[in-house]
Amino acid sequence: MLPILHSFSTGHALARAAAQVLAECARQAVGDHGRFTIGLSGGSTPRALHGMLASEFGEAIPWDSVQVFWGDERWVPADHPASNARMARETLLSRVPIPEGQVFAIPTDGETPEADARRYEQMLRTAFPGATWPAWDLLLLGIGDDGHTASLFPGTPALTETERWVAVGNAPVEPRERITLTLPAINAAREAWFLVTGQSKRELVGRAFRGDVLLPAGKVQAQRATVWFVDAAANPGLT
Ligand code: 6PG
């Protein structure tokens with residue numbers, strides 16, 4: 001399945017377009033199978049999308065049928081400034097009527113990252129009963145300056161995991177300990193969307209879009225569609 005690339009003049013235009021399509025996807029999924037399961041990404045890029053989902057498109061999404069997960073998390077307390085769940089709660093989840101029982105934050109209060117990876121995998125297996133792999137309707141992703149995605153960093157054991165749904169990630173920067181979906185768990189999603197802005201990512205987007213498997217992001221191939229939402233600065237100029 002070839003990836004798709006959509007380019008937008010600004011990050012704001014990108015966030016607005018992604019929110020609009022996401023709202024349509026949510027309604028479609030709820031109509032088709034009664035729920036919309038989405039995995040959120042960390043980092044800073046998703047903030048603009050979250051803002052759109054909480055405001056202009058808030059009423060277009062059937063929040064009572066949405067289940068929220070994460071693709072990865074830093075192994076820090078839930079109220080830590082670097083927590084992906086904290087960022088999502090501040091920018092989106094505290095501003096929309098999603099039932100708390102439908103928000104599945106990655107646990108980070110266990111004895112070890114490994115123990116919390118096991119806990120999260122058990123949560124996922126409960127949310128996707130009997131599934132071989134967790135089939136999210138949509139998984140949101142970013143790409144780091146080294147081509148990582150979620151917390152699958154180049155040259156790390158989590159990147160080569162083929163059996164487990166969740167693994168411990170090792171980042172080269174603080175917070176170094178992470179909990180992350182594995183590549184087969186990411187690729188089990190019906191759709192995976194990369195949201196990328198900024199000139200610094202342009203070359204990486206071009207390589208990952210073409211499937212350069214030296215980059216973890218280049219190894220993402222969702223079941224139905226892998227879509228890149230980029231702003232003009234991050235657009236590698238692909239036709
Ligand atoms: C994280 C993310 C990570 C992120 C990229 C891009 O926990 O940091 O999951 O994979 O998506 O590092 O981050 P930016 O959006 O901040 O560029």
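Read the numbers this way: they start at 1 and go in the same order the structure lists the ligands and their atoms. Here the structure is a predicted model, which means the values were calculated and not measured.
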If you scan protein heavy atoms around atom 13 (O) of ligand 1, the nearest is G43 CA, 3.9 Å
Report task. Ignoring hydrogens and angles, state whether a donor on the side chain of D231 or H12 is under 3.5 Å from an acceptor on the partner side chain. Result -> no
Going by the 4.0 angstrom heavy-atom rule, the piece of D72 near ligand 1 is side chain
Between W136 and F128, is the ring centroid distance below 6.0 Å?
yes
Closest to atom 15 (O) of ligand 1 (heavy atoms only, candidates L152, D145, L181, T45) is T45
What one should report as the nearest heavy-atom pair of A232 and S9 is CB-O, 3.9 Å
Short version for L195: what comes under 4.0 Å of ligand 1, heavy atoms counted, is neither
Near G142 (heavy-atom distance under 4.0 Å), the atoms of ligand 1 are 11 (O)
Rounded to the nearest 0.5 angstrom, the CG-CD distance for N170 and E177 is 8.0 Å
Atom 6 (C) of ligand 1 sits nearest the protein heavy atom I143 O, 3.5 Å
- Message: So, regarding N84 and ligand 1 (criterion: nitrogen or oxygen to nitrogen or oxygen, under 3.5 Å), is there a contact or not?
- Response: yes
Any side-chain donor paired with an acceptor under 3.5 Å for R190 and Q223? no
Among side-chain atoms of T180 and D72, is any donor-acceptor pair under 3.5 angstrom? no
Can you confirm whether the side chains of E191 and W193 place a donor and an acceptor under 3.5 Å from each other? yes
Closest to atom 3 (C) of ligand 1 by heavy-atom distance, out of A150, G147, G144, S41, is A150
K201 near ligand 1 by a heavy-atom separation under 4.0 Å = yes
Contact region, H148 to ligand 1, non-hydrogen atoms below 4.0 Å, reads side chain
### Query
Does the side chain of F153 reach to within under 4.5 Å of the side chain of D146, using non-hydrogen atoms?
yes
Discussion item. Counting only nitrogen or oxygen atoms and a 3.5 angstrom limit, does R74 reach ligand 1?
Written reply: yes
